[in-house]
Every structure is written in structure tokens, then in C-alpha cells.
Amino acid sequence: LRADYARGHARAVAMGEAFDADDKLTVLHRQNKELREVNRVLQSRLDGEINKNAELVREVTKAQRKIERMERASVQVP
């Protein structure tokens, strides 16, 4: 809840800054540039997490297949 408030407050401050500025285009351009950088960082972090998740899925799948093979082998032993 505090994080949501902080984000909303930061957006309101940024918009107020843009509307109060003499050169609105320059302020909006700078804010846009900052937001693009934040987005780039977040996208990079997301890509890393997706890659980690995919690797974990591969490891679990491999382990499940190994367990299934071991279970089949133990059933076949007289």
C-alpha cells in the first residue's frame, strides 16, 4: 500500500513539474527518457527471471523423467 502511494505521489509530482515548467516539452522529454531507462532495467530483470524459471522447469522435468525411469526399473525387477 505504501509502495502504491509512493508511486502515485511520484507520478503526481512529475506531472505537476511538467505542467508548471516553462519548457514543458523539455521536462516531458526528460521524464520520458527516465521512464524508458526504468523500463529497460525492469525488462532486463524480467528476462533474467524468465530464463531462471525456464531453467528450473527443465531441471524439474529432467528429474521427473529420471524418477519415472527408476520407478519402471524397480517394478520390472523380480
Side-chain angles (χ1 to χ4, degrees):
L1 185 59
R2 287 182 187 180
D4 289 338
Y5 172 78
R7 279 192 298 271
H9 181 70
R11 273 187 245 148
V13 168
M15 289 306 292
E17 179 184 323
F19 288 127
D20 294 341
D22 291 333
D23 188 359
K24 291 174 181 39
L25 188 58
T26 301
V27 173
L28 290 173
H29 179 68
R30 180 183 49 79
Q31 289 175 352
N32 191 17
K33 191 174 179 181
E34 290 170 4
L35 290 173
R36 276 186 275 145
E37 177 60 18
V38 168
N39 188 52
R40 185 192 64 76
V41 169
L42 291 174
Q43 186 64 51
S44 175
R45 289 174 60 187
L46 177 61
D47 291 345
E49 293 300 319
I50 289 171
N51 289 339
K52 280 196 273 186
N53 184 52
E55 180 61 31
L56 290 172
V57 167
R58 284 190 292 274
E59 289 178 21
V60 167
T61 303
K62 183 178 174 181
Q64 287 173 332
R65 282 192 300 246
K66 186 174 182 176
I67 289 169
E68 290 169 0
R69 283 193 305 270
M70 292 171 68
E71 287 173 343
R72 283 194 303 269
S74 68
V75 170
Q76 293 174 357
V77 174

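Numbering of residues begins at 1 and proceeds along the displayed sequence. The analysis underlying the following values was restricted to heavy atoms, covering all of them including side chains, and did not include hydrogens, waters or symmetry mates.
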Quick one: side chains of residues 63-71, donor-acceptor pairs under 3.5 Å with protein atoms, not counting sequence neighbours, listed by atom name and distance.
none

Side chains of residues 3-22: which donor-acceptor pairs under 3.5 Å do they make with residues two or more places apart or in other chains?
from, atom 1, to, atom 2, distance (Å)
D4, OD1, R7, NH2, 2.3
E17, OE2, R30, NH2, 2.1

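Annotation: side chain of R45 is in contact with side chain of V41 (closest heavy-atom distance under 4.5 Å). Looking only at side-chain heavy atoms (C-beta outward), E59 and K62 stay at 4.5 Å or farther from each other.
Judged by distance alone, the side chain of S44 and the main-chain N or O of R40 form no donor-acceptor pair under 3.5 Å.
For Q43, the side-chain hydrogen bond (donor to acceptor under 3.5 Å, both in side chains) partners are D47, not counting sequence neighbours.
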**Study point:** Full working for side-chain contact (heavy atoms from CB on, under 4.5 Å) between E37 and E34
**Key:** CA-CA 5 Å; E37 177 60 18; E34 290 170 4; 5.8 Å; no
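For the atom pair CG (L46) and CG (N51), the distance works out to 9.5 Å, reported to the nearest 0.5 Å.
Salt bridge absent: K52 and E55 never bring a charged side-chain N and a carboxylate O closer than 4.0 Å.
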